Amino acid sequence: MPLLVQDRVWLALLIASLHCYYYVGKASTWAPITMCPLLTFSGPDGETTWPQKYPFCGGGFQSPIDLHNNILQYDSTLLPLELVGYNMSTTDQLPLTNNGHSVRVGLPPTMYIRNLPFQYTATQLHLHWGNRKKPEGSEHTIHGKHFAAELHIVHYNAEKYRDVTAAMDKSDGFAVLAIFIEIGPFNPSYEKIFSHFQNVKYKGQKAQVPGFNIQELLPKKLNEYYRYEGSLTTPPCYPSVLWTVFRHPVYISEEQLLALETALYCTRLDDPKPLEMVNNFRHVQEFEERLVYVSFHEGNVPCKHLKFCKSLKAKTSGVCFFPVFKDKMFQALNPSLWKYKPFPAIHTKKFKIKISSDILDCKELI
């Protein structure tokens, strides 16, 4: 009989405890858990070796993943997220830390998310990026495409668990907002964090960031996102995360991205061999016969009636690129290939219909 998720969590905890000691501050503080020494994503101690010490890293429900049509399913019940307490006063001070594998901003418990199964309280945000020669450092990808960087805002299930430590190994413990970052115009909101990088260049260094509206770091359309159940993207890789990956990226300037890629080190100030903090993203993981639910319709036309082109095979489903057919178009379709029943709004292949006089041309898109 296969182990239940909870059983697998406790087994991993037992094994991981032999390799790493966690120090946790008081539940009322914002201090996150301190991980093992230097966490590496590449090289002899890179992510391919993580499962040796952290079994969950080689298990199921792992993140990040590639978001492609084969696994996407529209869900009309997904609601826009309601962010509470994100607009902070400039008199508030947020702790900024170089933890050796990312730069992290601690967030207060007055920040939380509504319109999720539980109320999730903010604990920290951090970034993932590539390097100056290959600025493709996002963890999640869309149709195989990397973005320049990715921001994660981490929340824990405060409705069920007393603190981050209690929540981190539970299947419903975390909710993470993932924001793609791409090169574009200068972003003054991101600069409120980036301008302090010189104070946290080396591992272990800390600084203070004046409070600001954290929501400005997110895309404007909070109602368009991907949703799936996955894991932490760093050891111990617990499958405890409800992911919300926003569809639209935010933009920072090329100079700001360069600062992110070059300003920080994953070694301490006194280390004789300093190492730049680059490529701190985990590669995409296998996604085993699960669905990613999306709050938006792919394609250009709202999906009302799903019908098939003549060239489609009987085993395939319809997609939302189809406009409403005219009566004459029905004659061009094989009735055995379509029925009036609810098909997935997103499918493995996209088709677009081009109408030229009486000719129906069904063309497959990538």
Side-chain angles (χ1 to χ4, degrees), residues 27-30 32 61 63-64 67 72-92 94-95 104-127 139-140 150-181 189-190 192-193 209 211-233 238-250 290-297 345:
S28 60
T29 68
W30 301 352
F61 289 85
S63 298
L67 301 163
L72 302 183
Q73 170 68 62
Y74 172 68
D75 185 349
S76 62
T77 67
L78 294 178
L79 300 173
L81 296 182
E82 184 179 350
L83 308 178
V84 180
Y86 267 55
N87 192 0
M88 303 181 62
S89 170
T90 54
T91 59
D92 294 325
L94 303 176
R104 179 171 54 198
V105 178
L107 300 174
T110 51
M111 289 176 55
Y112 59 92
I113 307 175
R114 287 179 180 156
N115 287 345
L116 289 177
F118 302 97
Q119 181 171 304
Y120 287 85
T121 295
T123 177
Q124 51 106 337
L125 65 82
H126 61 269
L127 294 128
E139 294 209 301
H140 291 86
E150 185 171 328
L151 171 71
H152 292 165
I153 307 180
V154 183
H155 306 70
Y156 77 96
N157 187 342
E159 195 170 323
K160 292 184 64 176
Y161 310 110
R162 67 182 181 276
D163 55 29
V164 172
T165 312
M168 72 178 302
D169 63 341
K170 307 302 189 300
S171 60
D172 56 359
F174 285 153
V176 178
L177 306 183
I179 298 96
F180 293 121
I181 299 174
S189 298
Y190 275 79
K192 293 173 183 178
I193 298 175
V209 174
F212 63 99
N213 188 355
I214 303 297
Q215 188 167 335
E216 293 175 354
L217 303 176
L218 278 65
K220 292 183 179 180
K221 291 187 177 181
L222 299 181
N223 62 326
E224 296 189 6
Y225 55 82
Y226 305 86
R227 169 73 50 76
Y228 78 99
E229 294 182 0
S231 75
L232 305 175
T233 63
Y238 294 132
S240 56
V241 180
L242 181 65
W243 282 96
T244 301
V245 183
F246 289 102
R247 181 187 188 186
H248 300 286
V250 298
R290 289 178 286 152
L291 289 176
V292 173
Y293 297 96
V294 296
S295 64
F296 56 90
H297 288 294

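Note that the structure is a prediction, hence the values are computed from the model and not measured.
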Give me the one residue out of Val245, Ile179, Leu177, Thr244 that meets side-chain contact (heavy atoms from CB on, under 4.5 Å) with Tyr225. Thr244

In Asp169, Leu232, Asn157, the residue satisfying side-chain contact (heavy atoms from CB on, under 4.5 Å) with Ser240 is Leu232

Run the side-chain contact (heavy atoms from CB on, under 4.5 Å) test on Thr123 and His155 for me, step by step, so that the C-alpha distance in whole Å, both residues' side-chain angles and the decisive distance to 0.1 Å come before the verdict. CA-CA 6 Å; Thr123 177; His155 306 70; 6.0 Å; no

Shortest non-hydrogen separation from [X] to [Y] and the atoms involved:
X: Pro219; Y: Leu222; value: O-CD2, 3.4 Å
X: His126; Y: Val154; value: CE1-CG2, 3.8 Å
X: Arg247; Y: Tyr226; value: CA-CE1, 3.9 Å
X: Thr110; Y: Tyr112; value: O-CD2, 3.7 Å
X: Val250; Y: Leu217; value: CG1-O, 3.6 Å
X: Tyr156; Y: Tyr161; value: CE1-O, 3.7 Å

For the pair Asp172 and Lys160, find out whether any cationic side-chain nitrogen is under 4.0 Å from an anionic carboxylate oxygen. yes

Across all chains, not counting sequence neighbours, the salt bridge (Lys or Arg N to Asp or Glu O under 4.0 Å) partners of Lys220 are none

Between Leu79 and Arg114, does the side-chain contact (heavy atoms from CB on, under 4.5 Å) criterion hold? Intermediate values first, please. CA-CA 10 Å; Leu79 300 173; Arg114 287 179 180 156; over 6 Å; no

With sequence neighbours excluded, tell me which residues meet side chain to side chain contact (heavy atoms under 4.5 Å, CB included) with Asn87. Asn213

Keeping [X] on the side-chain end and [Y] on the backbone end, is there a donor-acceptor pair under 3.5 Å?
X: Ser231; Y: Ser63; answer: yes
X: Glu150; Y: His140; answer: yes
X: Glu159; Y: Gln119; answer: yes

To the nearest 0.5 Å, what is the distance between [atom1] on [X] and [atom2] on [Y]?
X: Gln215; Y: Met111; atom1: CD; atom2: CE; answer: 9.5 Å
X: Trp243; Y: Arg227; atom1: CH2; atom2: CZ; answer: 12.5 Å
X: His248; Y: Leu218; atom1: NE2; atom2: CG; answer: 13.0 Å

side-chain contact (heavy atoms from CB on, under 4.5 Å), that's the test. Do Leu107 and Ile153 meet it? Break it down for me. CA-CA 9 Å; Leu107 300 174; Ile153 307 180; 3.9 Å; yes

Side chains of Tyr293 and Thr77: donor-acceptor distance under 3.5 Å anywhere? no

Give a yes or no on this: more than 12 heavy atoms of other residues, nucleotides or ligands lie within 6.0 Å of atom CD of Glu229. no

Heavy atoms, side chains only, cut-off 4.5 Å: are [X] and [Y] in contact?
X: Leu81; Y: Phe246; result: yes
X: Leu242; Y: Phe118; result: no
X: Phe296; Y: Leu78; result: no
X: Leu94; Y: Pro108; result: yes
X: Thr233; Y: Val176; result: no

Pair Leu291-Leu72, side-chain contact (heavy atoms from CB on, under 4.5 Å): steps then yes or no: CA-CA 6 Å; Leu291 289 176; Leu72 302 183; over 6 Å; no

Does the structure place the NZ or CZ of Arg290 under 6.0 Å from the centre of the six-membered ring of Tyr228, at an angle of no more than 45° from the ring's axis? no

